[in-house]
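Taking it in order: structure first as structure tokens, then the write-up.
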Amino acid sequence: MENTEFAKVFWEIAELLELKNENRFKIRAYQKAAQNIESLSENLSAVYKKGGIKELEEIPGIGEHIALKIEELIKTGKQKNHQQLLKEFPRGFIEMMRVPGIGPKTALMLRKKLKIDTADKLQTAVAKGLLKELPGFKEKKIENIKKGIALKERVKGRFLLSEADQYVTALVDQLKKLKEVEEILPAGSYRRGKETVGDIDILVTAKKSEPIMKAFALFPQVDRVLSQGPTRSSVILRNGMQADIRVVQPKEFGSAAHYFTGNKQHNILIREMAVKKGLKVSEYGVFKGTKWTAGKTEAEVFKAVGLPYIPPELREGTGEIEAARKGKLPDLIELADIRGDLQMHSKYSDGGNTIEELVEKAQELGYGYIAITDHTKSTRVAGGQTEKEIIKELAHIDRLNGKLNGFRVLKGAEVDILPDGTLDFPDSVLKVLDVVIAAVHSNFKMPREKMTRRIIKALENKYVNLLSHPTGRLIGKRDPYEVDIEDVIKAAKETGTYLEINAYPERLDLSDLHCRRAKEAGVMMSIDTDAHAAAGLEAMKYGVMTARRGWLEPKDIINTYPLAKLIKLLYAKR
DNA sequence: GCCGTTTTCGGCCCGACTGTTTTCAGTCG
């Protein structure tokens, strides 16, 4: 069972207990547990295997009872209370409660009065006008439910960070033009650099808010307005994404930025620390009694609770506060630390640009080196080259390097890992390459153990210095293949192979959690764009974001080192 | 249900907006 599956059970228990009008702190306990499980870098089953119930209870938010439920899930795949609750409220009913605007109270009334217990039935009832008969249901409320159903249809989940990025940039550009606007900060999961973003939160400081709210609602990206008040407005953008804008006073900027950046768990922890110090933290500032004492900057808020500044990407409530308290926050990698890009494709395989064009773009980005890593013969659909064909490309690179000053093109290939774990090129070819990237591009649906063995076998080849997109996932499109990532990390450590953080927005593979795990295991990584065109080199920022979320520092990333040191690292295994 | 440099029992973050409630409940973030 994957951690997300464990978490899903506890999210559902929380929702079901809400329906039963259970103690809200109990509900929160389940939510907290679910959230903590989701952000755990180690698989729960592995934790349990290591030290049983006691080890599970070490995880924040997990006590005796939830630990026992986890044990039950590991042993039987099911959990009794969860099953019992599902009998009372089937999944269709929970689904209905997830329609925006429908909470537990409304859902229960709908079922009691009209026997509506699925989202589909709700839609039919709305269409037939049955809701009018209910107490407290007038035109507006029914209209909202109608819109909620339509929205749910259209918005299936979250959006790629890169897609959110486009909208954020557009919205910020327009906000900048309003004369009332002072500071602008896109906050929320976007600012934390999460791989997917549920909605966009933009914080603005201004003395007067109405003109901003009015203008915002009329931006061309806005499809419709959900709500509009003096401090907060919510809209749905044309791509179905929700965007919230919050306007605060300049002196509230720091506390508001902190609050709107989240995540929720992190905020709760900070507020609890404040309470213990006799303070109150809200989006409007840090207060002693009713007296405002701080909040102009985020650093002030952290300082008030006795902490140093914590970068947004770490604010997930997964140990960053503890680390901050001990002065052990990582010195996170930044985009400017990147000195080169070790995976990209040229016209020799399926790339859109020549090597010269890629070099030009890389120089524009201030890099000192790149590796050209075209596909090999097995990946025919992507123009994979044979052993003979790549010789020409390598000669081309040699000639080019002869002309370049202070810049180096490394000779590489993205070599297929065949189903039996052998590589697409013989060692006699691999050994003339500087960068040998191994990757799985076929036979994704292997059993877990076989896939794990396949990949580890490739890592054992002394010429393979980098494993590309280690889990093969495409966010929102394709699940990772079945592979024991823990074993792969271990094998990377033992063989001296580096793991890749593929910065391609749809991949971000390794994920943030796996990065953190790999670092803990002492494995170095590289951040590469896997660009198929010169412009694709700009995606590096998403890979860096992921690395930051994985607590990585420049020293953990091989392409932050100068060329000479990088070459040493690349040849260390031979 | 979790948790403990105020607690092993008694707490548990804080606020905005909507709609219809004449003082607030429900929902959301």
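As the structure is a prediction and not an experimental result, all values here were calculated from the model. In what follows, every chain begins at residue 1, and chains take the letters A, B, ... in the order their sequences are listed.
In this structure, the NZ atom of A:K26 is 12 Å from the C1' atom of B:dC2, given to the nearest Å. When the P atom of B:dC3 is taken as reference, atom CD1 of A:I59 falls 11 Å away, rounded to whole Å.
For A:A503 against A:T529, the heavy-atom pair with the smallest separation is CB-CA, 4.1 Å. Between A:A187 and A:T261, the shortest heavy-atom contact is CB-OG1, 3.7 Å.
Listed by chain and residue number, nothing satisfies the side-chain hydrogen bond (donor to acceptor under 3.5 Å, both in side chains) test with A:R246 (two or more places apart in sequence, or in another chain).
OP1 or OP2 of B:dG15 sits under 4.0 Å from a side-chain N or O of A:K280. Between B:dG19 and A:N144, a contact under 4.0 Å exists linking OP1 or OP2 to a side-chain N or O. A:S227 has no side-chain polar atom (N or O) that falls below the 4.0 Å cut-off from OP1 or OP2 of B:dA16. Distances shown here put a side-chain N or O of A:Y284 below 4.0 Å from the OP1 or OP2 atom of B:dA16. Considering only side-chain N and O atoms, A:K264 lies nowhere under 4.0 angstrom from the phosphate OP1 or OP2 of B:dC14. Taking only side-chain nitrogens and oxygens, A:T106 comes nearer than 4.0 Å to OP1 or OP2 of B:dT27.
B:dT8: no Watson-Crick or G-U partner with both key distances under 3.5 Å is found in any strand.
Note on A:R28: a base of the nucleic acid sits closer than 4.0 angstrom, heavy atoms only. At the heavy-atom level, A:F25 lies under 4.0 Å from base atoms of the strands shown. Using a 4.0 Å heavy-atom distance criterion, A:K69 is classed as a sugar-phosphate-only contact.
Nearer to the 5' terminus of DNA chain B, by closest-nucleotide assignment, is the contact made by A:P60 (compared with the other of A:G101 and A:P60).
Closest to the A:R232 side chain, of the nucleotides B:dG19, B:dG1, B:dA16, is B:dA16. If you check B:dC14, B:dG19, B:dG29 against the side chain of A:V275, the one that comes closest is B:dC14. Among the nucleotides B:dC13, B:dG15, B:dC2, the one closest to any side-chain atom of A:H65 is B:dC2.
More than 12 heavy-atom neighbours from other residues, nucleotides or ligands sit within 6.0 angstrom of CZ on A:F302.
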